[in-house]
*Asks:* 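One structure follows; several queries about it will come next.
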Amino acid sequence: MKSAFDQIDLSKTPRHVAVIMDGNGRWAKTQGKDRIFGHFNGVESVRATIKAARRAQVEFLTLYAFSTENWNRPKEEVDALMDLLVSTIISEVAELMENGVRLLAIGDLEELPMKCRDELKVAIAKTADNKDITLVLALNYSARWEMVKAVRAIIAQQIPEQNVTADVIAQNLSTANIPDPELLIRTSGEHRISNFLLWQIAYTELHFTPIMWPEFREEHFFEALVSFQGRERRFGMTSEQTELTK
Ligand code: IPE
Ligand code: IPE
Ligand code: MG
């Protein structure tokens with residue numbers, strides 16, 4: 001069977017794809033295992049997604065790994081997620097280097113366990129010069145947290161009221177030097193944003209798939225790109241105008 005990859009127009013792949021990796025717990029339940037088993041199995045999906053994004057020449061891949069609301073889960077699950085984060089960062093650095101992946105992180109990193117912060121810093125520094133793709137991990141992230149932080153930063157800089165523009169707001173978000181995602185994928189069949197990149201997705205195309213995150217593979221990523229490329233992005237204009245600007 002032909003892969004969805006062959007249907008992608010590589011000259012028009014989105015620069016930035018963001019992913020809400022969801023469904024680990026429910027998938028584990030279908031396997032008769034506990035939720036943490038689902039998180040462990042989600043790591044392979046992360047690898048596959050990075051590979052697929054790189055192959056499709058995507059420049060930025062943002063993965064929502066832990067939200068500020070996820071602290072409200074049972075302590076054993078939160079602890080297991082933090083441990084998994086640390087061990088995955090350590091185990092994957094070599095592969096990130098091999099594949100030219102530059103790592104960045106957005107979110108309230110100061111509130112992460114020290115070990116996590118430290119390993120993250122090491123991996124970010126080590127991969128800083130990699131050029132093939134930028135992987136942005138959203139960790140202890142939420143869009144409302146980010147917006148509050150941006151407003152505070154703007155006030156602290158004493159920017160005159162009339163100078164506060166959309167660009168100034170964007171520059172004070174944690175994604176300051178990252179283009180807005182053209183495509184957002186959410187797995188697990190949920191149709192919501194869950195406090196992810198609210199400002200940045202103003203005109204993003206949304207792709208929802210029922211696949212649970214631990215089962216998400218390269219082909220699913222390519223299918224999302226094919227769906228994206230079949231859409232007309234009008235940005236408030238008419239279809240006729242959009243045709244002219246192509
Ligand atoms: C996504 O899977 C991983 C995180 C949010 C950390 P979930 O853990 O949310 O799995 P479900 O949605 O409960 O199945
Ligand atoms: C969103 O998933 C957060 C991450 C994927 C990290 P959740 O599972 O936390 O979202 P809700 O609670 O279903 O909205
Ligand atoms: Mg979930």
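Counting starts at 1 for both ligands and their atoms, in listed order. Treat the numbers as computed from the prediction; the structure is a model and nothing was measured.
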*Asks:* Among G189, A28, G25, which residue places a heavy atom closest to atom 10 (O) of ligand 1?
*Replies:* G25
*Asks:* Which option wins on minimum heavy-atom distance to atom 8 (O) of ligand 2: D22, I20, L139?
*Replies:* D22
*Asks:* Give, for atom CD of E119 and atom CD1 of I124, the distance between the pair rounded to the nearest 0.5 Å.
*Replies:* 11.5 Å
*Asks:* Measuring from F228:CZ to T204:OG1, what's the distance to the nearest 0.5 Å?
*Replies:* 9.0 Å
*Asks:* Any atoms of ligand 2 less than 4.0 Å from a non-hydrogen atom of S194? List them with their elements.
*Replies:* 1 (C), 10 (O), 11 (P), 14 (O)
*Asks:* For ligand 1, is S188 a contact, meaning one of its heavy atoms is under 4.0 Å away?
*Replies:* no
*Asks:* Looking at non-hydrogen atoms alone, which of R192, R186, M21 comes nearest to atom 5 (C) of ligand 2?
*Replies:* M21
*Asks:* Which of these, F66, Y64, W145, sits in a ring-ring contact (aromatic ring centres under 6.0 Å, His included) with F196?
*Replies:* Y64
*Asks:* What's the separation between atom CD in E215 and atom OG in S188, rounded to the nearest 0.5 Å?
*Replies:* 12.0 Å
*Asks:* Tell me, which protein residue and heavy-atom name are nearest atom 3 (C) of ligand 1, and how many Å apart are they?
*Replies:* N24 ND2, 3.5 Å
*Asks:* Could you identify the N, O or S atom of D22 positioned closest to the Mg ion (ligand 3)?
*Replies:* OD1
*Asks:* Verify whether one side chain among T242 and R233 offers a donor that lies under 3.5 Å from an acceptor in the other.
*Replies:* no
*Asks:* Does R73 reach ligand 1, in the sense of a heavy atom lying below 4.0 Å from it?
*Replies:* yes
*Asks:* Quick check: is L225 connected to L10 through a chain of hydrophobic side chains (ILVMFWY, heavy atoms under 4.5 Å apart)?
*Replies:* yes
*Asks:* Are any of the N/O atoms in Y64 less than 3.5 Å from those in ligand 2?
*Replies:* no
*Asks:* Measure the CD1-CG distance between I36 and L81 for me, rounded to the nearest 0.5 Å.
*Replies:* 7.5 Å
*Asks:* Using distance alone, with no hydrogens and no angle criterion, decide if E205 and Q229 have a side-chain donor and acceptor under 3.5 Å apart.
*Replies:* no
*Asks:* Of all the atoms in ligand 1, which lie at a distance below 4.0 Å from a heavy atom belonging to A65?
*Replies:* 6 (C)
*Asks:* Less than 4.0 Å is my threshold; does some heavy atom of H39 fall inside it relative to ligand 1?
*Replies:* yes
*Asks:* From T175 OG1 over to L197 CG, what is the distance, rounded to the nearest 0.5 angstrom?
*Replies:* 7.0 Å
*Asks:* Could you list which atoms of ligand 1 come closer than 4.0 Å to a heavy atom of R26?
*Replies:* 11 (P), 12 (O), 14 (O)
*Asks:* When you look for heavy atoms under 4.0 Å from ligand 1, do you find them on the side chain of M212, its backbone, both, or neither?
*Replies:* neither
*Asks:* Counting only nitrogen or oxygen atoms and a 3.5 angstrom limit, does W27 reach ligand 1?
*Replies:* no
*Asks:* Of the backbone atoms (N, CA, C, O) and the side-chain heavy atoms from C-beta on, which set of F196 has a member under 4.0 Å from an atom of ligand 2: side chain, backbone, both, or neither?
*Replies:* neither
*Asks:* Yes or no, since that's all I need: does a protein heavy atom fall within a distance strictly under 4.0 Å of atom 12 (O) of ligand 2?
*Replies:* no
*Asks:* To check you understand the geometry: which heavy-atom pair defines the closest contact between E190 and D22, and what is its length?
*Replies:* CG-OD2, 3.6 Å
*Asks:* Please could you name the atoms of ligand 1 that N70 approaches to less than 4.0 Å, counting only its heavy atoms?
*Replies:* 5 (C)
*Asks:* Suppose I only count heavy atoms of F66 and a 4.0 Å limit; which atoms of ligand 2 are within that range?
*Replies:* 6 (C)
*Asks:* Compute both the distance and the angle, then confirm whether R55 meets the cation-pi test with F5: under 6.0 Å from the six-membered ring centre, within 45 degrees of the axis.
*Replies:* yes
